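Everything numeric here is computed off the predicted structure, so don't read it as measured data. Residue numbers start from 1 in every chain, and the chains themselves are labelled A, B, ... in the order their sequence lines are given, proteins ahead of strands.
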Amino acid sequence: MHFDTIAAISTPMGEGAIAIVRISGEYAWEIADRIFQSPAAKPLCEQPSHTIHYGHLHDPATAEVVEEVMVSIMKGPKTFTREDIVEINCHGGITSVNRVLELVLTEGARLAEPGEFTKRAFLNGRIDLSQAEAVMDLIRAKTDKAMSVALNQMEGKLSHLIGDLRTALLETLAQVEVNIDYPEYDDVEEVTIPLMVEKGEWVRDEIDQLLRTSSQGKILREGLSTVIVGRPNVGKSSLLNSLVQENKAIVTDIAGTTRDIIEEYVNVRGVPLRLVDTAGIRETEDIVERIGVERSRQVLKEADLILLMVNSSEPLTDEDERLFEAVAGMDMLVIVNKTDLPAKIDLEHVYEMAGKDRVITTSILQEQGIAELEEAIASLFFEGSLESGDLSYVSNARHIALLKQARHTIEDAVQAAKAGVPIDMIQIDVTRTWEILGEIIGDTVQDSLLNELFSKFCLGK
Amino acid sequence: MPQFEAGTFDCIVIGAGHAGAEAAYAAAKMGASTVVLTMNLDMIAFMPCNPSLGGPAKGIVVREIDALGGVMAKVIDKTHIQMRMLNTGKGPAVRALRAQADKVLYQQEMKRILEEQPNLTLRQAVVERLIVEDGEVKGVVTQIGAIFRAKTVIITTGTFLRGEVIIGDLKYSSGPNNQMPSIKLADHLKELGLQTVRFKTGTPPRINSNTIDYSKTEIQPGDDVPRSFSYETTEFIMDQLPCWLTYTTPETHEIINENLHLSPMYSGMIKGKGPSYCPSIEDKIVRFADKSRHQIFLEPEGRNTREVYVQGLSTSLPEHVQHRLIASVPGLEKAEMMRAGYAIEYDSVIATQLWPTLETKKIKNLYTAGQINGTSGYEEAAAQGLMAGINAACNVLGKDEVVLDRSEAYIGVLVDDLVTKGTSEPYRLLTSRAEYRLLLRHDNADMRLTEIGYQNGMISEERYESFVAKKAQIDAEIEHLRKVSVKPTEEIQAIIAEAGGTALREPMKAADLLKRPEMKYSELCTVVPPLEEITDEVAEQVEIFIKYEGYIEKAMQQVERMKKMENKRIPENIDYDAISGIAKEAKANLKAVQPLSIAQASRISGVNPSDIAILLVYIEQGKIAKVSG
């Protein structure tokens with residue numbers, strides 16, 4: 001059989017000492033070779049099959065080291081799918097494993113559909129015939145499920161934005177096609193190189209913007225940026241230490257980051273948290289006082305999640321109220337700490353300001369309420385819109401990979417246009433970009449172009 | 001009517017238009033004894049619409065017909081009044097040649113070629129019935145009772161099946177240009193169970209050249225360099241006639257708007273679906289009301305006639321309105337109309353009833369080709385005729401069928417689109433229908449298809465040898481440029497500066513230098529002379545291949561991916577009803593089209609990737625079962 005190369009995270013989502021990204025297909029070894037560097041410096045393709053290798057993954061685009069890994073390489077047909085397989089063993093935790101998956105997808109693998117490895121094992125004749133029915137059910141089930149997930153996402157802002165980009169590309173393409181197929185007609189303005197460059201750059205910049213602002217994408221890459229705020233001595237450092245100790249911080253050695261702005265990465269129930277500006281919290285205790293209201297508002301504004309701590313054993317102060325004001329409308333959880341002491345706080349008032357389900361009572365000192373806090377963070381993150389965390393990550397990684405591919409092809413088109421390559425060559429990359437963007441929102445109707453052609457332009461004798 | 005035996009052949013071709021002529025020529029050339037039955041021998045390869053061949057996609061089809069050994073290219077090379085290369089300002093993938101034909105000379109030349117072709121009999125006759133036994137065609141019966149028997153029959157009846165001409169509120173039974181329509185055969189095909197659909201097309205009025213004031217129009221001359229469609233042509237016509245360009249006026253648009261109620265298009269008289277790429281002038285004015293003018297091209301119909309084709313004014317408005325329309329166009333104020341424009345409705349066979357060889361699924365050894373299959377255009381017709389002729393001959397001679405791939409030829413795209421997707425309106429080839437248009441170029445048609453033509457006896461030994469030599473020369477020269485380094489000499493720096501590029505800092509492979517968009521091979525040649533003297537055609541191939549190598553490679557990879565699915569065959573007697581999980585609509589369409597490969601199945605409308613996955617599983621399951629059983 002002959003399929004494209006697929007990849008997926010093969011270990012359960014969430015915590016774990018290691019996670020495995022599996023790649024299967026004709027180009028599995030090749031893809032691994034492009035991102036893997038071992039101390040032996042010998043490419044994997046030259047290594048014997050069914051061996052395991054230590055080394056680092058790096059991003060070919062930035063040359064940045066991404067992960068420390070063990071890589072197993074297996075040549076088909078003596079593998080699970082009977083195809084060439086690579087299994088990348090990386091650190092557990094969603095940030096690192098997603099980063100690895102993302103890298104593999106960017107290098108040309110396609111994200112495997114649920115059950116696809118099994119399906120291939122079957123199609124390639126490895127699995128017994130009796131399982132055929134089950135596999136078919138799986139395919140059908142997958143489609144329906146994937147469809148509903150896709151539909152959920154379709155309603156999102158992303159699909160609107162992508163729809164706009166595609167419309168712009170389609171209009172340009174239709175115009176180019178008319179220029180080509182009806183060269184003697186003056187009805188349609190000739191698409192010039194400067195116009196092509198302009199359109200291409202606009203699409204590229206929009207994709208960049210999407211990649212930057214796509215919040216989930218950012219979270220996957222960078223973690224959920226989280227700020228702990230509260231008055232002095234409310235227990236911020238204890239909370240931090242507690243989160244870090246419980247969830248073994250992910251130490252990053254990403255080139256270019258310095259120790260002062262390094263944030264603590266923790267993995268809370270599968271949610272990657274990046275605890276921002278922790279140094280500040282540790283040293284001066286009071287972020288509001290130290291950097292002034294304006295600056296603190298800025299820090300708060302950039303955060304994905306705010307943990308606002310108040311002291312249960314004291315009534316709310318003006319300063320507390322000011323903090324509540326500052327974070328109004330943001331994604332936040334209120335932590336009412338020090339429940340080991342007699343309560344003097346007006347809890348009802350806190351509920352009023354934050355919403356009851358956003359308020360957690362803890363005693364960090366006595367290690368109480370931490371599990372509830374973690375639960376709340378996780379449910380906030382996985383909140384409702386997607387069926388499971390698994391799928392949401394998966395489709396996000398897919399979006400990011402496709403957006404990157406789209407960016408790559410449109411950049412090729414722009415560069416070619418600038419270099420004076422003829423329009424019919426440039427069109428190839430523009431069409432490809434349009435198709436890739438279509439894959440994100442599940443629209444790959446090929447006839448759209450012809451329809452556009454004939455509905456928009458007056459053609460023919 | 002008493003019947004009588006009129007002869008036995010390998011192949012009968014019904015009709016001698018552009019499809020029929022090409023089909024008969026190919027079948028006879030391959031060695032099948034062939035008879036062409038046509039209603040009117042004076043109408044062989046008649047052009048009832050534009051006196052023109054080629055243009056984007058279509059021009060490349062003419063080149064492909066030539067590379068496969070067909071005749072269209074040779075005939076137009078001998079009988080054109082002008083040729084122009086289009087899209088020269090764009091890249092090589094979309095360049096296309098177009099010729100204006102002398103339509104009378106074109107017919108005469110085609111008739112001569114058919115008359116001189118061994119194995120080929122021309123006969124004027126009106127076919128009314130097919131002889132079909134046990135689902136297999138055995139011959140035909142004509143109006144006067146003549147029985148022609150044959151192993152294969154190709155129907156190429158164009159727009160004749162139940163043809164009806166419409167002008168204003170006048171509607172009468174007729175083929176194009178007042179030829180006799182084919183009504184009994186149309187009824188008979190329905191009886192045989194072939195499903196048909198009603199299509200419509202149209203043509204503009206013709207006017208007398210002597211009555212045109214050309215001073216009010218713009219001249220459109222042919223190219224002043226020798227051009228030809230055929231790779232075998234050595235004599236070029238340099239004495240060319242120009243075309244002329246003028247425009248509709250606000251008055252034209254007013255006349256149309258005032259008389260729209262008289263148009264059969266809008267009165268509901270015409271039911272057939274017309275081609276959206278070839279709208280009538282009524283359509284243009286209504287649908288694109290904001291456009292203040294439309295182009296009108298004046299095309300001479302030949303050297304020995306004053307008739308001029310008014311391209312852009314296709315209409316079925318009443319004749320008296322057509323007179324006023326013409327007079328409203330600058331230069332045509334006093335023009336005499338010689339023939340009125342008209343619309344024609346006709347039956348066409350739903351093409352999904354055909355195998356990719358153009359043989360009908362319902363009746364064995366029966367082929368249909370050309371406009372009867374729902375296409376429009378002489379080139380599309382000729383291409384199908386050629387493929388049907390070749391396949392009928394292969395069938396008779398026991399050779400492997402010839403089905404061109406979408407990555408191999410526009411003809412492959414055309415046939416696959418027709419038999420896989422069918423068409424809801426008259427189908428025209430467009431470059432945008434081809435997913436690999438960079439591979440399907442005007443310049444490399446011979447590289448793509450000569451081998452296939454040769455394998456089927458359509459290409460002479462002599463031509464094949466020169467093709468092989470050309471190919472070897474191209475390969476050698478590409479290799480040469482890849483090996484040779486260009487040193488930063490003053491000479492090359494001057495050439496680079498002249499072209500507006502950046503100077504060389506260190507030696508560079510000649511091929512890499514040529515990849516720079518501003519560099520031309522003709523200039524590079526002065527520094528890196530070719531291994532041996534090469535023709536312009538070879539130079540062109542070398543230059544395109546090196547310059548666009550990156551793009552070509554990308555396209556080739558795409559083709560490779562598709563080929564894998566193309567090679568995945570679907571068993572002939574597959575029972576789609578027995579496969580659970582395939583969506584209803586997909587199932588119905590799969591049953592109708594009966595795709596031969598997974599790739600073809602995936603192109604059928606309404607068939608989704610999940611259906612394909614299930615189909616794959618099912619097929620593999622069957623295979624494994626067979627092995628284990």
Side-chain angles (χ1 to χ4, degrees), chain A residues 1-4 113 116 119 122-125 128-129 132-133 135-137 139-140 142-144 146-147 173-174 176-187 190 412 416 419-429 431-432 444 446-447 449-451 453-461, chain B residues 49-50 55-57 86-87 89-94 96 204 220 275-279 284 287-288 291 294-295 297 311-314 428 430-433 435 437-438 516-518 548 551 554-555 561 564-565 567-568 580-581 605 608-610 613-614 616-618 620-621 623-625 627-628:
Chain A
M1 291 293 281
H2 43 63
F3 295 110
D4 50 354
E113 290 156 1
E116 198 170 4
K119 183 175 129 197
F122 165 72
L123 290 177
N124 290 327
D128 184 57
L129 178 63
E133 286 297 320
V135 174
M136 264 194 266
D137 289 347
I139 295 168
R140 178 46 74 189
K142 169 230 84 188
T143 318
D144 295 343
M147 195 85 83
L173 278 172
V176 171
E177 296 297 335
V178 171
N179 292 160
I180 289 169
D181 270 321
Y182 294 88
E184 66 280 271
Y185 278 78
D186 65 358
D187 293 22
E190 185 89 18
D412 279 355
V421 170
I423 200 113
D424 42 310
M425 304 287 160
I426 301 166
Q427 163 273 326
I428 295 172
D429 283 323
T431 306
R432 186 72 197 124
T444 47
Q446 291 155 347
D447 294 333
L449 186 63
L450 289 178
N451 293 339
L453 225 68
F454 293 122
S455 66
K456 274 266 172 81
F457 304 115
C458 177
L459 304 165
K461 52 196 178 192
Chain B
C49 201
N50 272 47
L86 305 174
N87 281 335
K90 306 183 183 94
V94 296
Q220 303 248 296
S276 50
Y277 50 80
C278 186
K284 289 189 199 177
R287 287 182 49 214
F288 302 96
K291 274 199 72 81
H294 296 275
Q295 287 163 305
F297 294 92
Q311 203 222 100
L313 219 56
S314 175
R428 173 186 171 152
L430 297 163
T431 67
S432 26
R433 295 194 196 270
E435 44 283 77
R437 95 177 145 200
L438 179 56
R516 293 183 172 185
E518 72 278 4
Y548 304 111
Y551 288 99
K554 256 192 231 174
R561 283 199 289 271
K564 288 175 176 173
M565 297 306 265
N567 293 336
K568 191 101 205 109
S580 59
S605 54
N608 293 317
S610 59
I614 288 168
L616 268 172
V617 169
Y618 179 84
E620 288 303 314
Q621 189 183 359
K623 206 183 266 173
I624 295 162
V627 173
S628 56

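For B:Asn87, the side chain to side chain donor-acceptor pair (under 3.5 Å) criterion is met by B:Lys90, not counting sequence neighbours. Under the salt bridge (charged side-chain N to carboxylate O under 4.0 Å, His left out) criterion, A:Asp424 pairs with no residue at all, not counting sequence neighbours.
Looking at B:Pro92, both its backbone and its side chain come within 4.5 Å of chain A, counting heavy atoms on both sides. For a residue to count as touching a neighbouring chain, one of its non-hydrogen atoms must lie under 4.5 Å from one of that chain's; by this rule A:Ile180 touches chain B with backbone and side chain alike. For B:Arg437, the part lying near chain A is the side chain, with the backbone staying farther off; criterion is any non-hydrogen pair under 4.5 Å.
Here B:Lys554 contributes atom NZ and A:Asp412 contributes atom CG; the two are 5.0 Å apart, rounded to the nearest 0.5 Å. Rounded to the nearest 0.5 angstrom, B:Thr431 OG1 and A:Tyr182 OH are separated by 10.0 Å.
The two residues A:Asp181 and B:Arg428 have their closest heavy-atom pair at O-NH2, 4.4 Å. Taking both residues in full, the closest heavy atoms of A:Met425 and B:Tyr551 are given as O-CE2, 3.5 Å, listed atom of the first, atom of the second, then distance.
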